[in-house]
Amino acid sequence: MVGAIIQQLFDGLTLGVVYVLLAAGLSVIFGVMHVINFAHGEMFALGAYFALALIAPFGGSAFFAALLIAPLIVGVIGVAIERYTVQPLYGRNPLYHILLTFGLVLVLNDLIYLIWGPGASSVPRPGIITGTIPLLGLSVSAYNLFIIVAGGLMAVAVWAMLEHTRYGLIIRAGSQDRQMVRNLGINIDRYYSLVFGMGAALAAFAGIILAGSRQVNPEMGMSVIIPAFVIVVLGGLGSFKGAVVGGLFVGILQESILRPYFPFLEGMVIFLLMIGILLIRPQGLFGTEAPEDESGELLTGTKGGFLDPQTRNRLGIAMIVLLALVPLGAGTLYSTFVVTLLIEILIWGLFALSLDFVMGYTGLVSLGHALFYGLGAYAVAITLVNVTESAIVALVLAIAVSAVIAWFVGFVSIRVAGVYFAMITLAFAELFYNAVYRLDTVELFGEERELTGGSEGIFGLDAYYGIAGVGVDLNEIGIFVGPTVLTGRSLFYYIALAALVAGFLLTRRMLRSPFGSVLKSIRENEQRATFLGYDTTVYKRRAFVVSGALAGMAGGLYTLFSGRVFPATAEWMVSGEVIVMVILGGMGTLYGPIIGSFSFFTLEYFLTGFTDRWRLVLGTIFVLFVIFLPRGLVSVPELLAPHLPGGPGPQPEPSPEDSSTRGDD
């Protein structure tokens, strides 16, 4: 018994050392540069793949050489990423770094698929670190012992370099006051590049040593990035000591306690801890407050260039009319797939609109909005399976549940701001994702009822559109419009279109009300709104509830449309994709995110015709947008106007105080 416990602690310590190296790189980058690097997991995966490429021709004997060369290669890639993508964003709100590095995740992950393929591989190891060796009366894995020793030495070396070298002294000074270091004649930008490269190399080293005991696959980076964030938050953003303590704690908790004794709770406990730490001590156990003096504004969209409000309204009405005509031509003028594609676009447009309402008008960047989308999707599915097949009842319940949960999440989360708010919403979303993944059935009134279907989800959902058994099944009715029969998905198309239009009109009406005026004043200057006597926390929470309810409606519509739901509906990539749509279209405009949804799916549709790696192109476009066109597609007309014949000529850059330059409708 004691031997088994010691063995489990040993396994936990092994995983903990890997986490320490991974989190240390992430933490050092944030501590020095205040950049939250979502692409850190891909650096981890690249390290493993480069090592695999170096070892493959020579066998396990090349393992130690790869352990030196592969991190250097990844470090150089990290330097290039910092120099050409991260550096142009210095001075902007730190949340743009999150958006940028999320785009890099799409690019790097698809590059891995493109170069090495989708299969899994094993990294050969030299004979000296294979098998088992006796230690303290136990038979332990030689490779696990190697991970602990090598990882521990690497962590100590990094700590010593940061604490006892001139290089460490300069980057620590630069993290406190960049301008002061620059005034001393030191090229601090070059040091920042090296710090980013060092963090990437540390992640790569962690990836290689873990790859020696587990298989290498393209998703390995995505599987570790969320635990790495948990560790960094627990230990404290920017704290090397916190990364060490947090990494060992999470590794032992996960591998030695939860997995063998409480497997059901694995994946949930650490997110509960993350939420608790963020609420009680946002800066973590050993961290310091994120600097606020470097927080630039979030860049919202513009009023639309040439178009005055009346013209934009007419254009909007014309677009709705055109969209309403689409099902009439399906099957004759074009494929019926167009209707299916547009339904998905309309639903995601509503989802993007919901995020924009809270992100573009209150500055709350939610990295966990998939929580509400997934809540709506599962609420509809569970209602249809266990309560009633009425789609109306299921959708109303989905909206209500999403609104209530949004109120709770807003109540506990909005007290923290900036990157801390982004992190806590991510933690709530991951908590929900793990819950639906593991909660298969539940006992209710002595009966076992299907709840979420676990990892398989729920399939084969049927619904009718009515109440109390009185209604219609869209697949069993038809409406004749000339030679065209509207039935099934064609009729659902109008439901999705009506929901999007209603969501847009509702949010626009809110923004034109006194409530919306307060939200806009918060967006422009929250401190000034507070001085005027408004409780900004309450207003932001109300906006969050509206946003959560709309996202829940979008998720519920998706379940009704597809007839199924599964855990991927609530995974963190869903939150990232909807942020991509908001930024592509233009944040803070309401109609911009809808345009972003159309652009996203249109690009996906055309790119998938040429390559399976369409995220590589989409991610590249997103990165370019974040760097060069942060106000989104809706700002293009205004940018082009001065360069067109008869245009108004060069325009001054809109100032943050000029609210007339924002696209509020």
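Atom OH of Tyr84 is surrounded by 12 or fewer heavy atoms from other residues, nucleotides or ligands within 6.0 Å. Applying the 6.0 Å contact sphere to CZ of Phe606 captures no more than 12 heavy atoms from other residues, nucleotides or ligands. The 12-atom threshold is not exceeded at CD of Glu456, counting heavy atoms of other residues, nucleotides or ligands nearer than 6.0 Å. Remark: Tyr437 OH is loosely packed, at most 12 non-hydrogen atoms of other residues, nucleotides or ligands lying under 6.0 Å away. The local environment of OH in Tyr605 is sparse, with at most 12 non-hydrogen atoms from other residues, nucleotides or ligands closer than 6.0 Å.
A donor-acceptor pair under 3.5 Å links the side-chain atoms of Ser575 to the main chain of Leu367, judged by distance alone. A donor-acceptor distance shorter than 3.5 angstrom exists from the side chain of Asn109 to the backbone of Pro218, with no hydrogens or angles considered. At least one donor-acceptor pair closer than 3.5 Å links the side chain of Thr507 to the backbone N or O of Phe504. Under a 3.5 Å cut-off, the side chain of Asp356 and the backbone N or O of Gly588 do form a donor-acceptor pair.
Judged by the 6.0 Å distance and 45° axis criteria, Arg564 is not positioned over the aromatic ring of Phe459. Stacking of Arg542 on the aromatic ring of Tyr539 is recorded, both the 6.0 Å distance cut-off and the 45° axial limit being met.
Taking the six-membered ring wherever Trp is involved, the centroid distance between the rings of Phe428 and Phe372 does not fall below 6.0 Å. Separation of the Phe229 and Trp572 ring centroids does not fall under the 6.0 Å cut-off. You'll find the ring centres of Tyr373 and Trp348 inside the 6.0 Å limit.
Rounded to the nearest 0.5 angstrom, Thr559 OG1 and Phe566 CZ are separated by 9.0 Å. With rounding to the nearest 0.5 angstrom, the CE atom of Met319 is 15.0 Å from the CZ atom of Arg312. Ile583 CD1 to Tyr96 OH: the interatomic distance, rounded to the nearest 0.5 Å, is 5.5 Å. Of the inter-residue distances, the one linking Met581 atom CE with Phe601 atom CZ reads 4.0 Å to the nearest 0.5 angstrom. Summarising the geometry, atom CZ belonging to Arg489 is positioned 9.0 Å from atom CZ belonging to Phe492; distances are rounded to the nearest 0.5 Å. A distance of 7.5 Å separates CE in Met43 from CG in Leu104, rounded to the nearest 0.5 Å.
Counting all heavy atoms, side chain and backbone alike, Ala499 lies closest to Met553 at O-CE, 4.1 Å. The two residues Ser366 and Ile579 come nearest to each other via the heavy atoms O-CD1, 3.8 Å. For the residue pair Ala463 and Leu384, the shortest heavy atom distance occurs at CB-CD2, 4.0 Å.
Electrostatic pairing of Lys540 and Glu526 counts as a salt bridge here, judged by a charged N lying under 4.0 Å from a carboxylate O.
Asn434 places a side-chain heavy atom less than 4.5 Å from the side chain of Phe271. Side chains of Val574 and Glu571 form a contact here, defined as non-hydrogen atoms less than 4.5 Å apart. Within the 4.5 Å cutoff, the side chain of Ser193 has no heavy atoms near those of the Phe196 side chain. Residues Leu395 and Ile392 have side chains not in contact (no heavy-atom distance under 4.5 Å, counting atoms from C-beta outward). In this structure the side chain of Glu430 never reaches within 4.5 angstrom of the side chain of Leu371, judged on heavy atoms.
A donor-acceptor contact closer than 3.5 angstrom links the side chains of Ser547 and His369.
Each of Val338, Val326, Thr340 was checked for a side chain to side chain contact (heavy atoms under 4.5 Å, CB included) with Tyr493, and the lone residue meeting it is Val326.
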